[in-house]
Amino acid sequence: MTVRTRFAPSPTGLLHIGGVRTALFCWLYARRHHGSFILRIEDTDRERSTPAAVQVILDGMDWLGLHPDEGPFYQTARYPRYREVIRQWLDEGKAYHCYCTKDELEAMRNAQLAAKAKPRYDGRCRERRDPRPGITPVVRFRSPDEGEVVVEDRVHGDVVFRNAELDDLIIERSDGNPTYNFCVVVDDYDMRITHVIRGDDHLNNTPRQINMLRALGVEPPVYAHLPMILGPDGTKLSKRHGAVSVLHYREQGYLPEALLNYLARLGWSHGDQEIFSLAEMVELFDLDHVNKAASAINPDKLAWISQQHLMRAQPARVSTELAWQFGQLGVEVVGGPPLEAIVLAQRERAKTLQEMAQNSRYFFCSPEGYDDKAARKHLVAEALPLLAQTRAALAALPDWNAPAIHAALEGLAAAAGVGLGKVAQPLRVAVTGGSVSPPIDQTLAIIGHEATLARIDRAVAWVATGGGPGA
RNA sequence: GCUCCCAUCGUCUAGAGGCCCAGGACACAGCCCUCUCAAGGCUGGUACGAGGGUUCGAAUCCCUCUGGGAGCGCCA
């Protein structure tokens, strides 16, 4: 039997880390077993579903490369099918009309809560024969009164629920719209889903769904309920921390495979391995090593993984992403140094593409000013003679490349009887505006011969005129 | 309140009775490398929630407790 998994988000909020992790596991499992991954939009809540939210889901999945083999399917497009099943169940006595008003339901609920009982529908309309005038009924599924349902879960093991705990849930609202638990069942059946992989907040819904599946005459699929993902502080994911759209991660400069790698390690493991390429994840993923406990997001670790992927990715691809980041910063890169050289020089000193771009402005523009602390230490009168010598030596260089620059600077330092740092730091501040950059030879090589000399001149003049604001 | 789930370093996790006085990773501290910052290497500290069992032997199995979480909607 071919594996068929599905990711079924509802377009009522944003697609965040938690949803993405679920999507990832579904996708990985399907890929791993050469099956199909299906995307289904659960938009039966017409009040809260928005086209914008659908678009975010689609864009997010697309960016991450979690492409569905089938779909997206929209539940709102399947209403005729749901009605067909409901009609059939009504005919077979598996479902019935309920004329209780919201007020009555509310009263029932309060009474049960007051009696310290679990609030649930008592089934009072089960045997009702006649409609109540003026009330449009809902349709309820007739849940078994006795026995128990066993959810055979791939991550939790067998979980047993007594049917006595379950009540008759509404499957069609009074406005004619079908409800979630019911649609899921019909869809998973129609779409021949073999493995339902979802958040464990759905574990409690599962016995009801199994009962409905059986009413349809079929046996349930394999279930795997994933633990929740929590915010950095260990509490539920909220807007305050972590519950931001996945697309935020793109803007902040994370590579999709880095985010996916991080998410894969949240709840899944393969021994001690931390870094996985997409191909490795597909090859190694399995449900047996999915953890049962909830896990908290750790931004530091995500950043570290991000950098690991930045260092491993093809420079050409990283360049493309970097160009976008420069665009965001308003830095014109056309006509400047090749981006690949910058990637190679900067990738081990940036956690994200955004950070890389921010730290690389000086490759394209002269510093607008000098870092205060750095200037006070290195751009001072005493440093001028050596800086002037450096300028002369660099000006005389016939070939402008890192090894040649390096040799020149080394020679200068040796002749002056100082360490390379004495030469490099003033130069670095003059040319980049700060005290941090890739190795000075590489930095100068990328900036270019002319620009380097011009910037040294500016710095010398700046020192000569007593410093002051600006460069 | 009822039902269900969960429980190893601060965090992510390895661990499927002896290989564990518990391993890896992030973070943190120190050292090395070094023109700065990184990257990399080395070293260090910190964890099996508590109590009972079972067993020659338990982080691993069972029970109770405690602590977290989820569900109990004409939301998904």
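Residue numbering restarts at 1 for every chain, and letters A, B, ... go by the order of the sequence lines. Just so it is clear, the structure is predicted and the values come from calculations on it, not from any experiment.
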Asker: How far, in whole Å, is B/U8 from B/G67 if one measures between their C1' atoms?
Answerer: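 Nearest-Å result for B/G67 against B/U8 at atom C1': 16 Å.
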
Asker: Just to be sure I understand the geometry, which residues of residues 401-418 of chain A put a non-hydrogen atom under 4.0 Å away from RNA chain B?
Answerer: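 Going residue by residue through residues 401-418 of chain A, none turns out to have a heavy atom under 4.0 Å of RNA chain B.
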
Asker: Would you say A/H289 places a side-chain N or O within less than 4.0 Å of OP1 or OP2 belonging to B/G15?
Answerer: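 Yes, such a contact exists.
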
Asker: With distance as the sole criterion, is a donor-acceptor pair present between the side chains of A/T206 and A/H225 under 3.5 Å?
Answerer: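 Distance-only check passes for A/T206 and A/H225.
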
Asker: Taking only the C1' atom of each, what is the distance from B/A25 to B/C9 in whole angstrom?
Answerer: 12 Å

Asker: Looking only at heavy atoms, what is the nearest atom pair of A/A53 and A/P11, with distance?
Answerer: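 Heavy atoms of A/A53 and A/P11 come nearest at CB-O, 3.2 Å.
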
Asker: Taking the P atom in each of B/C26 and B/G53, what is the distance between them to the nearest angstrom?
Answerer: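 Approximately 42 Å lies between the P atom of B/C26 and that of B/G53.
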
Asker: Mind checking the C1' distance from B/U54 to B/U13? Whole angstroms is fine.
Answerer: 29 Å

Asker: Counting only Watson-Crick or G-U wobble pairs whose two distances fall under 3.5 Å, which nucleotide matches B/C9?
Answerer: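 In the structure as shown, B/C9 has no Watson-Crick or wobble partner.
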
Asker: If the P atom of B/A50 is compared with that of B/U60, how far apart are they to the nearest Å?
Answerer: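 Their P atoms lie roughly 11 Å apart.
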
Asker: When you measure only distances, ignoring hydrogens and angles, does the side chain of A/R349 come within 3.5 Å of the base of B/C37 through a donor and an acceptor?
Answerer: yes

Asker: Please work out whether the ring planes of A/F276 and A/H270 are parallel, tilted or perpendicular, with thresholds of 30° and 60°.
Answerer: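 If you compare the ring of A/F276 with that of A/H270, the planes turn out perpendicular.
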
Asker: Only counting residues at least two apart or in another chain, list the ones meeting salt bridge (Lys or Arg N to Asp or Glu O under 4.0 Å) with A/E283.
Answerer: none

Asker: Applying a 3.5 Å limit to both distances, which nucleotide forms a Watson-Crick or G-U wobble pair with B/G17?
Answerer: none

Asker: Within the structure shown, what part of the strands sits under 4.0 Å from A/N181 by heavy-atom distance: base, sugar-phosphate, or nothing?
Answerer: base

Asker: Which residue, A/Y82, A/Y96, A/F182, forms the ring pair (Phe, Tyr, Trp, His ring centres under 6.0 Å) with A/W89?
Answerer: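 When ring pair (Phe, Tyr, Trp, His ring centres under 6.0 Å) is applied between A/W89 and each of A/Y82, A/Y96, A/F182, only A/F182 qualifies.
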
Asker: Starting from the 5' end of RNA chain B, give me the residue, A/D201 or A/K292, whose nearest nucleotide shows up first.
Answerer: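 Mapping each residue to its closest nucleotide by heavy atoms, the 5'-most match is A/K292.
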
Asker: With a 3.5 angstrom cut-off on both distances, give the Watson-Crick or G-U wobble partner of B/C4, or none if there isn't one.
Answerer: B/G69

Asker: At what distance, to the nearest 0.5 angstrom, does CG of A/L66 lie from CZ of A/F7?
Answerer: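 With rounding to 0.5 Å, CG (A/L66) is 8.5 Å from CZ (A/F7).
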
Asker: Does B/C6 have its OP1 or OP2 closer than 4.0 Å to a side-chain nitrogen or oxygen of A/H156?
Answerer: yes

Asker: So, OP1 or OP2 of B/G73: does either fall under 4.0 Å of a side-chain N or O from A/K102?
Answerer: no

Asker: Rounding to the closest angstrom, what is the interatomic distance between B/G45 and B/G68 at atom P?
Answerer: 32 Å

Asker: With a distance cut-off below 6.0 Å to the six-membered ring centre and an angular limit of 45° from the axis, does A/R208 pair with A/F141 as a cation-pi contact?
Answerer: no

Asker: Output all residues satisfying side-chain contact (heavy atoms from CB on, under 4.5 Å) with A/Q425, sequence neighbours left out; order by chain, then residue number.
Answerer: A/H378, A/R428, A/S435

Asker: Please classify the nucleic acid contact of A/Q308 as base, sugar-phosphate, or nothing, using heavy-atom distances under 4.0 Å.
Answerer: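 Since only primed, P, OP1 and OP2 atoms lie under 4.0 Å of A/Q308, the category is sugar-phosphate.
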
Asker: Could you let me know what B/U55 is paired to, Watson-Crick or G-U wobble, both distances under 3.5 Å, or none if it's on its own?
Answerer: none

Asker: Below 4.0 angstrom from OP1 or OP2 of B/A14, is there any side-chain N or O of A/S269?
Answerer: yes

Asker: Any donor-acceptor pair under 3.5 Å linking the side-chain atoms of A/D103 with those of A/T101?
Answerer: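 Their side chains do not contain a donor-acceptor pair, so the 3.5 Å distance test is not met.
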
Asker: When the C1' atoms of B/C21 and B/A58 are compared, how many Å lie between them, rounded to an integer?
Answerer: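 It comes out at 14 Å once rounded to the nearest Å.
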
Asker: Would you mind reading off the distance between A/R162 atom CZ and B/U3 atom P, rounded to a whole angstrom?
Answerer: 7 Å

Asker: When you measure from the side-chain N and O atoms of A/S295 to the phosphate of B/U11, is any distance below 4.0 Å, counting only OP1 and OP2?
Answerer: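 Negative; the distance criterion is not met.
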
Asker: For RNA chain B, which residues of residues 106-119 of chain A approach it to below 4.0 angstrom with any heavy atom?
Answerer: A/R109, A/K116, A/A117, A/K118, A/P119

Asker: Any donor-acceptor pair, under 3.5 Å, between the side chain of A/T179 and the base of B/C74, if you only look at N and O atoms?
Answerer: no

Asker: Which of these nucleotides, B/C74, B/C2, B/C35, is closest to any side-chain atom of A/E165?
Answerer: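 For the A/E165 side chain, the nearest candidate turns out to be B/C2.
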
Asker: Picking from A/L166, A/L169, A/V149, what satisfies side chain to side chain contact (heavy atoms under 4.5 Å, CB included) with A/S143?
Answerer: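 Going through A/L166, A/L169, A/V149 one by one, the side chain to side chain contact (heavy atoms under 4.5 Å, CB included) with A/S143 is satisfied by A/L166 alone.
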
Asker: According to the Watson-Crick and G-U wobble definitions, with both distances under 3.5 Å, which nucleotide is paired to B/C28?
Answerer: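 B/C28 is paired, partner B/G44.
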
Asker: Any idea which heavy atoms bring A/W268 and A/F285 closest together, and the distance?
Answerer: CZ2-CA, 3.6 Å

Asker: A/W268 or A/S435: which one's nearest nucleotide on RNA chain B is closer to the 5' end?
Answerer: A/W268

Asker: Roughly how many Å is it from OH in A/Y180 to P in B/C72, rounded to a whole number?
Answerer: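 Nearest whole value for this atom pair: 11 Å.
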
Asker: Check this for me: does the side-chain of A/D45 come within 3.5 Å of the base of B/A76 through a donor and an acceptor?
Answerer: no

Asker: On the nucleotide B/A14, are OP1 or OP2 found under 4.0 Å from the side-chain N or O atoms that A/N291 carries?
Answerer: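 A/N291 to B/A14 OP1/OP2: side-chain N or O found under 4.0 Å.
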
Asker: Among B/C35, B/C74, B/C5, which nucleotide sits nearest the side chain of A/V159?
Answerer: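 Of the options given, the side chain of A/V159 lies nearest B/C5.
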
Asker: What's the gap between B/C5 and B/C20 when it is taken at their P atoms, as a whole Å value?
Answerer: 33 Å

Asker: Among B/C35, B/A76, B/U36, which nucleotide sits nearest the side chain of A/V436?
Answerer: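 Looking only at side-chain atoms, A/V436 lies closest to B/U36.
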
Asker: Under a 3.5 Å cut-off for both contacts, is B/U64 paired Watson-Crick or G-U wobble with anything, and if yes, with which nucleotide?
Answerer: B/A50

Asker: Tell me, please, whether A/F25 has A/R21 positioned over its six-membered ring: NZ or CZ under 6.0 Å from the ring centre and within 45 degrees of its axis?
Answerer: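 Relative to the ring axis of A/F25, which defines the angle, A/R21 lies inside both limits.
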
Asker: Looking at residues at least two apart in the chain, or sitting in another chain, which of them share a salt bridge (Lys or Arg N to Asp or Glu O under 4.0 Å) with A/D187?
Answerer: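 So A/D187 forms a salt bridge (Lys or Arg N to Asp or Glu O under 4.0 Å) with A/R40, A/R78.
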
Asker: Just say parallel, tilted or perpendicular for the rings of A/Y29 and A/H195, cut-offs at 30° and 60°.
Answerer: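 A/Y29 and A/H195: tilted rings.
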
Asker: Protein within reach of the bases, or only the backbone? For nucleotides 20-32 of chain B, mark each nucleotide 5' to 3' as B, S or -, using heavy atoms under 4.0 Å.
Answerer: ---BBBBS-----

